[in-house]
Amino acid sequence: MYSEKVMDHFNNPRNVGEIQDCSGVGEVGNPVCGDIMKIFIQVEDNIIKDIKFKTFGCGAAIATSSMVTEMAKGKTIEEALKITKQSVADKLDGLPPQKMHCSNLAADALHKAIEDYQNSQEKK
Ligand code: FES
């Protein structure tokens with residue numbers, strides 16, 4: 001049911017953890033399944049230098065959060081904002097249709113973390 005890439009990211013998730021004093025943090029939850037995902041970003045010169053995640057959720061949620069951190073790392077804010085649930089799922093060689101909402105969570109958490117960073121910049 002799951003691609004090899006999904007299983008790989010589920011078994012060896014990349015960038016797990018949190019960043020102290022991060023530039024932005026995004027948290028989203030899915031009220032249906034109860035899963036929660038949190039993404040921390042460290043931004044320097046408009047580039048996502050570091051990114052970590054914590055996910056309390058299903059295997060697909062863990063795999064998609066791991067993948068989204070790999071996709072966003074080293075990208076500019078503008079490039080990272082273009083990452084969508086579809087591009088995350090495509091990078092994982094697809095997700096079963098009933099699991100697409102899990103990749104939604106990953107893309108949303110990333111976008112929220114960027115929003116949080118942008119809001120803090122505006123206040124400066
Ligand atoms: Fe909830 Fe996957 S089942 S995020």
Side-chain angles (χ1 to χ4, degrees):
M1 163 170 162
Y2 289 115
S3 72
E4 265 175 42
K5 276 201 191 153
V6 173
M7 291 314 290
D8 177 34
H9 277 266
F10 170 61
N11 286 319
N12 309 291
R14 332 295 201 251
N15 306 309
V16 179
E18 45 186 294
I19 303 174
Q20 301 296 333
D21 302 320
C22 60
S23 317
V25 54
E27 184 176 335
V28 288
N30 183 314
V32 179
C33 60
D35 291 353
I36 299 168
M37 189 180 290
K38 211 167 176 178
I39 287 186
F40 307 81
I41 54 171
Q42 190 60 45
V43 183
E44 275 169 46
D45 300 327
N46 200 44
I47 288 175
I48 300 183
K49 289 272 178 194
D50 200 11
I51 177 163
K52 296 228 182 296
F53 79 90
K54 271 190 164 174
T55 292
F56 184 84
C58 72
I62 290 169
T64 53
S65 14
S66 168
M67 179 52 92
V68 91
T69 59
E70 282 217 317
M71 288 168 77
K73 204 170 191 169
K75 294 251 164 66
T76 64
I77 292 294
E78 293 73 27
E79 286 167 342
L81 279 171
K82 289 192 192 131
I83 296 173
T84 62
K85 66 168 182 174
Q86 193 58 52
S87 58
V88 177
D90 288 349
K91 273 266 181 191
L92 285 166
D93 293 338
L95 280 170
Q98 72 272 28
K99 285 285 171 188
M100 272 309 283
H101 75 275
C102 314
S103 68
N104 214 342
L105 222 51
D108 282 355
L110 172 68
H111 290 195
K112 270 204 169 178
I114 293 174
E115 235 172 70
D116 186 39
Y117 161 70
Q118 288 174 330
N119 287 340
S120 70
Q121 289 302 99
E122 278 164 21
K123 281 188 207 126
K124 275 190 187 159

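Counting starts at 1 for both ligands and their atoms, in listed order. Fair warning: this is a prediction, and the values are worked out from it, not measured in the lab.
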- Task: Could you work out the complete set of other residues in the hydrophobic cluster of Met37, with links drawn between I, L, V, M, F, W and Y side chains under 4.5 Å apart?
- Result: Val28, Leu105
- Message: Using a 4.0 Å cut-off on heavy atoms, what residues surround ligand 1? Order them by chain and number.
- Response: Cys33, Asp35, Cys58, Ala61, Lys99, His101, Cys102, Leu105
- Message: Under a 3.5 Å threshold, yes or no: a donor from one side chain and an acceptor from the other, between Gln86 and Asp90?
- Response: yes
- Task: With sequence neighbours excluded, give me every side chain to side chain donor-acceptor pair (under 3.5 Å) pair touching residues 20-30.
- Result: Ser23-Gln42
- Can any side-chain N or O of Glu79 pair as donor or acceptor with the backbone N or O of Thr76 at less than 3.5 Å? yes
Atom pairs and distances, donor-acceptor, side-chain atoms in residues 63-72, under 3.5 Å, two or more places apart:
unit_1 : atom_1 : unit_2 : atom_2 : d
Thr64  : OG1    : Ala60  : O      : 2.9
Thr64  : OG1    : Ala61  : O      : 3.0
Thr64  : OG1    : Cys102 : O      : 3.4
Ser65  : OG     : Thr55  : OG1    : 2.9
Ser65  : OG     : Ala61  : O      : 2.5
Ser65  : OG     : Ile62  : O      : 3.4
Ser66  : OG     : His9   : ND1    : 2.7
Ser66  : OG     : Arg14  : N      : 2.9
Thr69  : OG1    : Asn15  : ND2    : 2.9
Thr69  : OG1    : Ser66  : O      : 2.6

- Are Met1 and Phe10 connected, step by step, through hydrophobic side chains (Ile, Leu, Val, Met, Phe, Trp, Tyr) whose heavy atoms are closer than 4.5 Å? yes
